[in-house]
Amino acid sequence: FATEAKPHFRPIPFSIKTLTPPDLFAGKLHAVLFRDRIRNPKGRDWYDFLWYIGRDIPVHLKHLDQRARQSGHWKTDETLNENSLKSLLRQRLSELNIEELKSDIRPFIKDIGRLEAWSGDLINAAIDQIIIA
């Protein structure tokens, strides 16, 4: 993974080392794909997924591949690629109840009307928009 220094100026000037956005997106995709939440889905993970997509942030696929191997979720000799990632996301989506995702995220959203567009079709369209770094 890659890091970058983020300067802050309050209360005093300082810098924080953080993962780059593509590596943060890889971490979020790992949660979306492999967090054991079938019985209690985390809409917050999918909300963040849509946030990354909406900002055209690419995913660092090599970092995601390494995370999935380290966690024991990607055991094949093949390297995770764009097609396998999208296939995994679509499989995961097929296992979820969109209404449960919305219920999880509702307490955190001021304007719950923003969730009206949430559907399998919306998330499938977002999957098609993934940019690989």
Side-chain angles (χ1 to χ4, degrees):
F1 59 87
T3 61
E4 61 187 13
K6 292 283 191 177
H8 294 271
F9 300 97
R10 292 194 178 118
I12 60 172
F14 64 99
S15 182
I16 296 175
K17 188 182 254 189
T18 183
L19 294 175
T20 62
D23 286 300
L24 288 169
F25 191 17
K28 181 50 63 178
L29 285 174
H30 186 271
V32 161
L33 289 169
F34 305 120
R35 190 187 309 250
D36 184 23
R37 296 292 183 189
I38 296 300
R39 284 167 271 146
N40 182 21
K42 291 298 176 196
R44 291 164 274 180
D45 287 337
W46 290 93
Y47 181 91
D48 292 345
F49 166 74
L50 292 171
W51 184 91
Y52 282 102
I53 294 296
R55 283 155 185 76
D56 294 326
I57 295 173
V59 61
H60 185 184
L61 196 56
K62 184 176 179 181
H63 180 66
L64 177 57
D65 177 86
Q66 291 170 344
R67 275 185 166 222
R69 289 178 192 285
Q70 185 178 32
S71 66
H73 292 102
W74 189 252
K75 298 176 183 177
T76 179
D77 289 337
E78 293 180 31
T79 301
L80 187 65
N81 61 42
E82 182 175 357
N83 290 334
S84 54
L85 170 61
K86 290 179 178 183
S87 178
L88 286 169
L89 284 166
R90 287 194 171 90
Q91 175 61 40
R92 182 72 164 148
L93 177 61
S94 74
E95 300 166 349
L96 298 174
N97 179 318
I98 300 297
E99 292 306 314
E100 289 179 11
L101 295 179
K102 290 178 179 182
S103 292
D104 180 65
I105 196 73
R106 244 180 224 109
F108 305 99
I109 305 292
K110 288 181 184 178
D111 177 9
I112 60 171
R114 297 169 78 192
L115 297 177
E116 289 177 15
W118 278 42
S119 67
D121 290 339
L122 174 78
I123 295 174
N124 266 315
I127 291 169
D128 288 336
Q129 298 299 312
I130 291 175
I131 302 166
I132 304 299

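Owing to the predicted nature of the structure, the values given are computational and were not obtained by experimental measurement.
For the pair Asp23 (side chain) and Ala2 (backbone), a donor-acceptor distance under 3.5 Å is present. Arg92 places a side-chain N or O within 3.5 Å of a backbone atom of Val32 that can act as its donor or acceptor partner. Between the side chain of Asp65 and the backbone N or O of Leu80, at least one donor-acceptor pair lies under 3.5 Å. In this structure, Ser103 contributes its side chain and Glu99 its backbone to a donor-acceptor pair below 3.5 Å.
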Checklist entry - Taking it one step at a time, do His63 and His30 satisfy ring-ring contact (aromatic ring centres under 6.0 Å, His included)? => result CA-CA 10 Å; His63 180 66; His30 186 271; 9.1 Å; no
Item to check | Evaluation steps, side chain to side chain contact (heavy atoms under 4.5 Å, CB included), between Leu85 and Leu33 | outcome: CA-CA 9 Å; Leu85 170 61; Leu33 289 169; 3.9 Å; yes
Item to check | side chain to side chain contact (heavy atoms under 4.5 Å, CB included) between Arg35 and Asp45, worked out | outcome: CA-CA 9 Å; Arg35 190 187 309 250; Asp45 287 337; 2.8 Å; yes
Checklist entry - Checking side chain to side chain contact (heavy atoms under 4.5 Å, CB included) for the pair Lys86/Ile130: CA distance, chi angles, key distance, verdict? => result CA-CA 8 Å; Lys86 290 179 178 183; Ile130 291 175; 4.2 Å; yes
Next on the checklist: Before you tell me yes or no, could you show the steps for Gln66 and Gln70 under side chain to side chain donor-acceptor pair (under 3.5 Å), namely the whole-Å CA-CA distance, both residues' side-chain angles and the distance that decides it to 0.1 Å?
Outcome noted: CA-CA 6 Å; Gln66 291 170 344; Gln70 185 178 32; over 6 Å; no
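Smallest separation of non-hydrogen atoms from Tyr52 and Lys28: CE1-CB, 4.0 Å. Considering all non-hydrogen atoms of both residues, Ala26 and Leu64 come closest at O-CD1, 3.4 Å. Scanning all heavy atoms of the two residues, the minimum distance from Phe34 to Ala68 falls at CE1-CB, 3.7 Å.
In this structure, Asn124 CG and Ser94 OG are separated by 9.5 Å, a value rounded to the nearest 0.5 Å. Note that OG1 of Thr20 is 6.0 Å distant from CD of Glu4, once rounded to the nearest 0.5 Å. To the nearest 0.5 Å, atom CG of residue Asp111 and atom CD of residue Glu116 are 8.0 Å apart. Atoms CG and CG, on Asp121 and Leu93 in that order, are 9.5 Å from each other to the nearest 0.5 Å. Between the CH2 atom in Trp46 and the CG atom in Leu122 there is a gap of 11.0 Å [rounded to 0.5 Å]. To the nearest 0.5 angstrom, Asp56 atom CG is 8.0 Å from Gln129 atom CD.
Transitive grouping of hydrophobic side chains (ILVMFWY, heavy atoms separated by less than 4.5 Å) brings Trp51 and Leu101 into a common cluster.
Heavy-atom neighbours of Ile112 CD1 from other residues, nucleotides or ligands within 6.0 Å: at or below the threshold of 12. With a 6.0 Å radius and a threshold of 12 heavy atoms from other residues, nucleotides or ligands, Arg114 has its CZ atom at or below the threshold.
Inter-residue side-chain proximity for Tyr47 and Phe108 is flagged as unmet; no heavy-atom pair is nearer than 4.5 Å. Side-chain atoms of Leu29 and Leu89, non-hydrogen and from C-beta on, do get closer than 4.5 Å to each other. Annotation: side chain of Phe14 is not in contact with side chain of Phe9 (no heavy-atom distance under 4.5 Å). Between Ile98 and Ile123, the closest side-chain pair of non-hydrogen atoms falls below 4.5 Å. Residues Ile127 and Phe49 are in side-chain contact: their nearest non-hydrogen atoms beyond the backbone lie under 4.5 Å apart. Here the side chains of Ile132 and Val59 are in contact, with some heavy-atom distance below 4.5 Å. Between Asp128 and Arg90, the closest side-chain pair of non-hydrogen atoms falls below 4.5 Å.
Partners of Thr76 under the side chain to side chain contact (heavy atoms under 4.5 Å, CB included) rule, at least two apart in sequence or in another chain, are Trp74, Glu78.
Remark: Asp48 does not engage Arg44 in a salt bridge, criterion side-chain N to carboxylate O under 4.0 Å.
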